[in-house]
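Numbered from 1 within each chain, the chains take letters A, B, ... in sequence-line order.
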Amino acid sequence: MLDVKALRADAQAVAAQLQKKHFELDVSAFEALEARRKSVQVSSEQLQASKKKASKQIGQLVGQGMSVDEAKAKVADELKDIDAELESASTELADIQAQLDAMLSGIPNVPHEQVPEGKDEDDNEEVLLWGEPKQFDFAVLDHVDLGGRRDELDFERAAKLTGSRFSVMRGDIARLNRALIEFMLNQHCDEHGYEMINVPYIVNNDTLYGTGQLPKFAEDLFKLHGDSEYYLIPTAEVPVTNLFRDEIIDPNQLPLKFTSHTPCFRSEAGSYGRDTRGMIRQHQFEKVEMVQIVKPEDSWQALEDLTQHAENILQALELPYRKVRLCGGDLGFSAHMTYDLEVWLPSQNTYREISSCSNCGDFQARRMQMRTRDENGKPQLVHTLNGSGLAVGRTLLAVLENYQNADGSVTVPEALRPYMGGKEVILAK
RNA sequence: GGAGGAGUGGCAGAGCGGUUGAAUGCACCGGUCUUGAAAACCGGCGAGGGUUAACGCCCUCCGCGAGUUCGAAUCUCGCCUCCUCCGCCA
């Protein structure tokens with residue numbers, strides 16, 4: 001949520017910033033609504049004040065010994081029309097407020113000035129290329145073929161169990177999956193200073209509102225049937241960032257740095273036909289997430305650090321990758337600025353997203369009313385950041401494809417061998 | 001699932017339906033005293049919102065939501081959460 005005060009002060013300026021994000025802010029609609037809000041709110045509060053005053057007067061008179069009926073009669077004039085007026089004013093105000101909230105909660109975060117212009121991923125700005133894609137002297141297989149040789153990666157049976165966009169992992173691949181998770185968590189905890197945290201995979205409305213998935217992106221989520229409005233999490237960012245919602249965090253506790261391994265559930269509405277083969281785009285995938293809650297002045301550096309932490313994983317696994325700064329059109333709803341990391345996939349001969357690291361500024365914090373105190377002790381919104389470190393399924397397939405051998409086996413990256421019982425090669429026939 | 005009990009400010013803990021945003025204590029901040037510290041004493045100390053150039057003034061908030069009333073922390077109803085006991089269970 002943007003600061004409504006900034007919009008009141010200069011809606012045009014905000015609209016100009018949002019254009020980079022290809023969001024059209026209806027300035028005149030906002031200003032018209034805001035003008036009504038102001039007049040109705042002022043009169044509604046005035047009416048409340050006079051009603052309160054009259055009630056207090058009755059209290060005083062009764063306290064002085066007057067009978068209740070007499071006291072009421074004495075202030076009857078003042079109370080005469082208030083109820084009806086107040087009723088209509090507060091109904092109108094609630095209506096306007098609801099419209100304003102609906103408008104406001106649908107406006108995305110403004111992009112940082114460093115965010116490049118552009119409409120989609122083709123316009124993202126490359127900031128780093130790391131590693132050299134390996135030259136293969138044989139025809140490379142993709143992860144589906146590699147994993148399918150011994151049924152260790154099984155999409156057909158997953159489809160039987162559930163449907164499309166699910167997978168079954170078995171044997172060494174299942175173990176590789178676990179190895180990646182452990183390796184990533186250990187790196188973040190032992191080398192990068194994160195605290196591990198385990199959170200619910202099912203969350204409520206308020207939590208999804210806090211990070212910005214609701215109300216606008218409900219169709220991307222899996223909603224549970226039942227009496228409660230519950231959803232499966234689309235990312236650990238949602239429960240972890242919301243941990244301290246509605247709290248004022250002691251500044252001495254900041255920064256908070258959490259890492260969490262969870263499954264993620266996404267409906268992938270609107271991506272029919274895209275990435276249908278393999279485990280690139282699944283309804284359920286695992287991710288190791290990093291979340292930071294920091295003082296406002298620290299978030300800029302924190303984004304660099306957090307992104308580096310994700311890069312460290314790729315570097316330790318010796319996977320070639322590319323780092324891009326997302327352009328305005330590709331930036332997410334809540335993000336102020338985002339770096340994507342894209343890993344090299346030999347089978348596609350291109351780089352594909354494996355991590356997304358964002359600074360959300362105070363955008364989520366304002367929705368969550370998550371605050372700390374400034375040097376004067378005044379409440380102040382915190383800044384929130386999140387990033388994948390990394391998407392486990394995509395890392396797994398990147399490992400399979402980049403480490404494949406001519407015979408269809410896969411060499412285990414050295415960093416993972418301790419987690420694989422020392423095994424150096426898997427999927428050998 | 002059944003039966004009870006409880007939700008008040010950072011914490012503890014008062015609060016007859018009436019000038020209560022809320023006693024008191026602790027914690028915290030400032031001051032006096034002290035060579036310094038502690039103790040003692042004095043003062044300050046919730047959040048959100050509106051309005052204003054500003055000082056200030058006003059509204060809302062005692063788990064959440066409705067209701068009764070001129071007036072609700074206090075009464076009524078529904079919901080949520082927590083605790084205790086019983087049952088069931090990984």
Novice: Taking atom C1' in both B:A12 and B:A27, what distance in whole Å separates the two?
Specialist: 10 Å
Novice: Using the C1' atom as the point on both nucleotides, what is the distance between B:C58 and B:A6, in whole Å?
Specialist: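 Comparing C1' positions in B:A6 and B:C58 gives a spacing of 36 Å.
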Novice: If the P atom of B:C11 is compared with that of B:A47, how far apart are they to the nearest Å?
Specialist: 14 Å
Novice: If the C1' atom of B:G15 is compared with that of B:G78, how far apart are they to the nearest Å?
Specialist: 26 Å
Novice: Can you tell me, in whole Å, how much space there is between the P of B:C89 and that of B:C82?
Specialist: 23 Å
Novice: If only side-chain N and O atoms of A:Arg373 are considered, is one of them under 4.0 Å from the OP1 or OP2 phosphate oxygen of B:C28?
Specialist: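 Answer is no, no contact under 4.0 Å.
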Novice: Any luck finding a side-chain donor-acceptor pair between A:Gln380 and A:Glu375 under 3.5 Å?
Specialist: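 The criterion, which ignores hydrogens and geometry beyond distance, is not satisfied for A:Glu375 and A:Gln380.
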Novice: Ignoring backbone atoms, establish whether A:Lys5 has a side-chain N or O less than 4.0 Å from OP1 or OP2 of B:U51.
Specialist: no
Novice: Heavy atoms only: give me the nearest A:Gln213-A:Thr211 pair and the separation to one decimal.
Specialist: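 Residues A:Gln213 and A:Thr211, closest heavy atoms: OE1-OG1, 2.7 Å.
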Novice: At less than 4.0 Å, is any side-chain N or O atom of A:Arg8 found next to OP1 or OP2 of B:G49? Yes or no.
Specialist: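 No, because none of the side-chain N or O atoms of A:Arg8 sits under 4.0 Å from OP1 or OP2 of B:G49.
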Novice: With a 4.0 Å cutoff (strictly under), does any side-chain N or O of A:Lys52 reach OP1 or OP2 of B:U60?
Specialist: yes
Novice: Report yes if the distance between the aromatic ring centroids of A:Phe217 and A:Phe333 is under 6.0 Å, otherwise no.
Specialist: yes
Novice: Could you check whether A:His283 and A:Phe265 have their ring centres less than 6.0 Å apart?
Specialist: no
Novice: Between B:G31 and B:A38, how far apart are the P atoms? Round to whole Å, please.
Specialist: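 Those two atoms are separated by 13 Å.
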Novice: Phosphate oxygens OP1/OP2 of B:U60: is one of them under 4.0 Å from a side-chain N or O of A:Gln48?
Specialist: yes
Novice: So if I take every side-chain heavy atom of A:Gln41 and compare against B:C58, B:G48, B:G49, which nucleotide ends up nearest?
Specialist: B:G49
Novice: Looking at A:Lys72, I'd like to know whether one of its side-chain N or O atoms comes within less than 4.0 Å of OP1 or OP2 on B:C70.
Specialist: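 Yes, because at least one side-chain N or O of A:Lys72 sits under 4.0 Å from OP1 or OP2 of B:C70.
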Novice: Check this one for me: any side-chain N or O of A:Arg371 less than 4.0 Å away from OP1 or OP2 of B:G48?
Specialist: yes
